[in-house]
Amino acid sequence: MVLVDCTYLNSDGGKTILHHIINHIIEKKISDRFFFLIDFRIPSTEIKLNKNYVKYIKPSEFKRRSFYLNNNQKFQSFLCMSNVPPPIFINKNVYIYFHNDLLIRPFKTNLSLFYKTLNFIKKQYIKLINKENYLWIVQTQSVKNNISDALRIKSKKIKILPIFDSSEGFISNKKLTNTFLYVSNYSNHKNHERLLKAFIKSANKIKKIISLNLTIHEEDYKNSVYKLSSLPKNLNIKNHGILNKKDLNKLYSESEFLIFPSLNESFGLPLIESINFKCKVIASDLKYVHDI
């Protein structure tokens, strides 16, 4: 049996990867070969697995270590889905799926000093508990190069295996003119403040209506630069909150452009999703975009 360790996995992108994996093993009728350790912040209604093959855990290294000490003999292989190797040495097949580029070069991000320091400590811990026999999985060549250098992992120990839905989406009969979509949260590296300044500057230069659609958590949006700024009358900004897959796909299908100014991504899934829906893409001229 394989342990799929999802402790600490709670981001929207991480959960998307997890759902792809779960849907795949259910479709292949092999779910009884896997046991999932799930971050308790993920609602149980989102996990469509037999309860006998799932355990919810608090995102704590102490709790995680306790589980491994008591249960590691039950498993032949281990897949750690949240960047962090097992908390105890495992002399079996171990795979770590790494998808948080912010941990690699913590002091070169635009995060606050607190989060820079926190990510630096996490990085040092990952280096400390990594072992020579462990294999790593990443989504792009850039992340492979970065973790090989930053975490001192041999290149041959890192495999590139992006997980995403490559099927082409439903295309609306009519794209709405001058509609821009940014699928992201409100983290600092998502570059929202600069994006808003650019849209205000553009709207002041033309008379046409420009629409910007966002998918930020409602609580974050209430205190964001979008709510605290004075906007030109021809600039319509609408936050849709966190959308289910069906509603997000509808938004992709109606949007003329995806605009993606993020400064740092391990993958950039919305770039692929928007291409599936024939959006025109405007993105940062950075390595992660060229990888996609």
Novice: Minimum heavy-atom separation for I42 to E46, with atom names?
Specialist: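 In this case the closest contact between I42 and E46 is CG2-OE1, 3.7 Å.
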Novice: Please determine whether the number of non-hydrogen atoms from other residues, nucleotides or ligands lying under 6.0 Å from atom NZ of K245 exceeds 12.
Specialist: yes
Novice: Identify whether the distance between the nearest side-chain nitrogen and carboxylate oxygen of K278 and E256 falls below 4.0 Å.
Specialist: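 Looking at E256 together with K278, the answer is no, because their closest N to O distance does not fall below 4.0 Å.
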Novice: Among the clusters formed by ILVMFWY side chains lying less than 4.5 Å apart, do Y182 and L269 turn up in the same one?
Specialist: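 In one cluster with Y182: L269, yes.
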Novice: Would you call I22 and I47 a side-chain contact if the rule is heavy atoms closer than 4.5 Å?
Specialist: yes
Novice: Quick test of your reading of the model: are E254 and K250 salt-bridged, counting only N-O distances below 4.0 Å?
Specialist: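 A salt bridge is present here (some side-chain N lies under 4.0 Å from a carboxylate O).
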Novice: Is there side-chain contact between K131 and V94, with heavy atoms separated by less than 4.5 Å?
Specialist: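 Contact flag for K131/V94 side chains = no.
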Novice: Can you tell if the side chain of Y186 reaches within under 4.5 Å of the side chain of H192, non-hydrogen atoms only?
Specialist: yes
Novice: Any side-chain to backbone donor/acceptor pair from S266 onto D101? Under 3.5 Å, distance only.
Specialist: yes
Novice: For a quick test of reading the model, state the closest non-hydrogen atom pair linking Y288 to N264 and the distance between them.
Specialist: CE2-N, 4.3 Å
Novice: What is the distance from atom CG of N234 to atom OG of S211, rounded to the nearest 0.5 Å?
Specialist: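 Answer rounded to 0.5 Å: 10.0 Å.
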Novice: Hey, what do you get for CG (N71) to CE (M1), rounding to the nearest 0.5 Å?
Specialist: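 The CG atom of N71 sits 11.5 Å away from the CE atom of M1.
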Novice: Hey, what's the ring geometry for F36 with F34, parallel, tilted or perpendicular (30° and 60° as the breaks)?
Specialist: tilted
Novice: When the ring planes of F120 and F107 are compared, do they come out parallel, tilted or perpendicular, using 30° and 60° as the limits?
Specialist: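 Answer is tilted, since the angle falls between 30° and 60°.
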Novice: Is there a side-chain contact (heavy atoms from CB on, under 4.5 Å) between R33 and S77 once you walk through the steps?
Specialist: CA-CA 11 Å; R33 302 181 195 175; S77 297; over 6 Å; no
Novice: If you look only at pairs with a residue in residues 80-104, which of them pass as a ring pair (Phe, Tyr, Trp, His ring centres under 6.0 Å), with sequence neighbours excluded?
Specialist: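 Listed once each, the pairs are Y97-H99.
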Novice: Could you tell me which non-hydrogen atom of I129 sits nearest to which non-hydrogen atom of P85, and how far apart they are?
Specialist: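 Of all heavy-atom pairs spanning I129 and P85, the closest is CD1-O, 3.4 Å.
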Novice: Under a 4.0 Å threshold between the charged nitrogen and the carboxylate oxygen, would E61 count as salt-bridged to K122?
Specialist: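 Looking at K122 and E61, the cut-off is not met.
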Novice: Between the main-chain N or O of L263 and the side-chain N or O of N191, is there a donor-acceptor pair closer than 3.5 Å?
Specialist: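 Side chain of N191 to backbone of L263: no pair is present.
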Novice: Show your working on ring-ring contact (aromatic ring centres under 6.0 Å, His included) between Y53 and F35 and close with a plain yes or no.
Specialist: CA-CA 5 Å; Y53 298 97; F35 187 92; 7.2 Å; no
Novice: Does a salt bridge link K58 with D39, judged by any charged N lying under 4.0 Å from a carboxylate O?
Specialist: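 Salt bridge: no.
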Novice: Does any non-hydrogen side-chain atom of S148 lie less than 4.5 Å from one of K154?
Specialist: no
Novice: Charged N to carboxylate O under 4.0 angstrom, K157 versus E132?
Specialist: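 No, no charged N to carboxylate O under 4.0 Å.
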Novice: Give me the one residue out of K287, Q139, K190 that meets side chain to side chain donor-acceptor pair (under 3.5 Å) with E265.
Specialist: K190
Novice: With side chains defined as the heavy atoms from C-beta onward, is the minimum distance between I259 and L181 less than 4.5 Å?
Specialist: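 Counting from C-beta outward, I259 and L181 never come under 4.5 Å.
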Novice: I'd like to know if L151 and I104 are part of one continuous hydrophobic network [Ile/Leu/Val/Met/Phe/Trp/Tyr, side-chain heavy atoms within less than 4.5 Å].
Specialist: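 Yes.
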Novice: Apply ring-ring contact (aromatic ring centres under 6.0 Å, His included) to residues F40 and Y56 and explain how you reach the verdict.
Specialist: CA-CA 5 Å; F40 86 113; Y56 290 88; 8.7 Å; no
Novice: Any side-chain heavy atom of I210 sitting closer than 4.5 Å to one from F180?
Specialist: yes
Novice: Would a 4.5 Å heavy-atom cut-off, applied to side chains only, mark T140 and I160 as touching?
Specialist: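 Counting from C-beta outward, T140 and I160 never come under 4.5 Å.
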Novice: Given the rule that I, L, V, M, F, W and Y join up when any side-chain heavy atoms are under 4.5 Å apart, are I163 and I25 in one cluster?
Specialist: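 I163 clusters together with I25.
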Novice: Between the side chain of S60 and the main-chain N/O of F62, is any donor-acceptor distance below 3.5 Å?
Specialist: yes
Novice: Closer than 3.5 angstrom, by distance alone: can the side chain of S66 be matched with the main-chain N or O of K63 as a donor-acceptor pair?
Specialist: no
Novice: Has K116 got a side-chain atom pairing as donor or acceptor with P106's backbone, closer than 3.5 angstrom?
Specialist: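 Absent.
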Novice: List the atom of V183, the atom of P270, and the distance in Å for their closest heavy-atom pair.
Specialist: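 Looking at all heavy atoms of both residues, the closest pair is O-CG, 3.6 Å.
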Novice: Got more than 12 heavy atoms from elsewhere within 6.0 Å of CZ, R41?
Specialist: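 Yes, enclosed.
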Novice: Taking the side chain as everything from C-beta on, heavy atoms only, tell me whether I216 gets closer than 4.5 Å to Y226.
Specialist: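 Result yes, sub-4.5 Å side-chain heavy-atom pair found.
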Novice: Cluster question for you: counting only ILVMFWY and a side-chain heavy-atom cut-off of under 4.5 Å, with indirect links fine, are L9 and F75 together?
Specialist: no
Novice: Look up atom CG in N239 and atom CD1 in I242, then write down how far apart they are to the nearest 0.5 Å.
Specialist: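 If I round to the nearest 0.5 Å, the distance is 8.0 Å.
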Novice: Kindly indicate, with the supporting measurements, whether the criterion side-chain contact (heavy atoms from CB on, under 4.5 Å) is fulfilled by I90 and Y134.
Specialist: CA-CA 9 Å; I90 303 291; Y134 296 170; 4.1 Å; yes
Novice: Could you tell me which non-hydrogen atom of V281 sits nearest to which non-hydrogen atom of S274, and how far apart they are?
Specialist: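 Answer, listing the atom of V281 first, then S274: CG2-OG, 3.6 Å.
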Novice: Looking at every heavy atom in both L102 and N119, which two are closest together, and how far apart are they?
Specialist: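 It is O-ND2, 3.8 Å.
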Novice: Apply the test salt bridge (Lys or Arg N to Asp or Glu O under 4.0 Å) to residues E193 and K197: give CA-CA distance (whole Å), side-chain angles for both, the deciding distance (0.1 Å), then the verdict.
Specialist: CA-CA 6 Å; E193 185 172 348; K197 288 179 179 178; 3.8 Å; yes
Novice: Check whether the side chains of H240 and N213 place a donor and an acceptor atom closer than 3.5 Å, and report yes or no.
Specialist: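 Yes - a donor-acceptor pair under 3.5 Å links their side chains.
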Novice: Looking at N23 and H19, would you say the former's side chain and the latter's main chain have a donor-acceptor pair under 3.5 Å?
Specialist: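 Flag set: sc N23 to bb H19 pair under 3.5 Å.
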Novice: Checking D5 against Y68: is there a side-chain donor and acceptor pair closer than 3.5 Å?
Specialist: yes
Novice: Nearest 0.5 Å, please: how far is OG in S253 from CG in L176?
Specialist: 8.5 Å
Novice: Do F260 and L212 share a hydrophobic cluster (ILVMFWY, side-chain heavy atoms under 4.5 Å, transitive)?
Specialist: yes
Novice: In terms of side-chain heavy atoms, does E219 have a donor or acceptor partner in N223 at a distance below 3.5 Å?
Specialist: no
Novice: For a side-chain hydrogen bond (donor to acceptor under 3.5 Å, both in side chains) check, start with the C-alpha distance between N249 and K246, then their side-chain angles and the critical distance, and finish with the verdict.
Specialist: CA-CA 5 Å; N249 287 349; K246 181 180 178 181; over 6 Å; no
Novice: Let's go through D291 and S142 carefully: what are the C-alpha distance in whole Å and the side-chain angles of both, what is the deciding distance for side-chain hydrogen bond (donor to acceptor under 3.5 Å, both in side chains) to 0.1 Å, and is it a yes or a no?
Specialist: CA-CA 7 Å; D291 283 340; S142 293; 2.5 Å; yes
Novice: Roughly how far, to the nearest 0.5 Å, is the CD1 atom of I121 from the CG atom of L103?
Specialist: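 Rounded to the nearest 0.5 Å, the CG-CD1 separation comes to 12.0 Å.
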Novice: Could you go step by step and tell me if L37 and F67 meet the side-chain contact (heavy atoms from CB on, under 4.5 Å) rule?
Specialist: CA-CA 9 Å; L37 193 60; F67 177 86; 3.8 Å; yes
Novice: Start with the C-alpha distance between N145 and Q141, add both sets of side-chain angles, then the distance that settles side-chain hydrogen bond (donor to acceptor under 3.5 Å, both in side chains), and finish with yes or no.
Specialist: CA-CA 6 Å; N145 295 341; Q141 183 66 47; 2.9 Å; yes
Novice: For K127, look at atom NZ and say whether over 12 heavy atoms of other residues, nucleotides or ligands are found less than 6.0 Å away.
Specialist: yes
Novice: For a side-chain contact (heavy atoms from CB on, under 4.5 Å) check, start with the C-alpha distance between I38 and K55, then their side-chain angles and the critical distance, and finish with the verdict.
Specialist: CA-CA 6 Å; I38 302 288; K55 178 178 175 59; over 6 Å; no
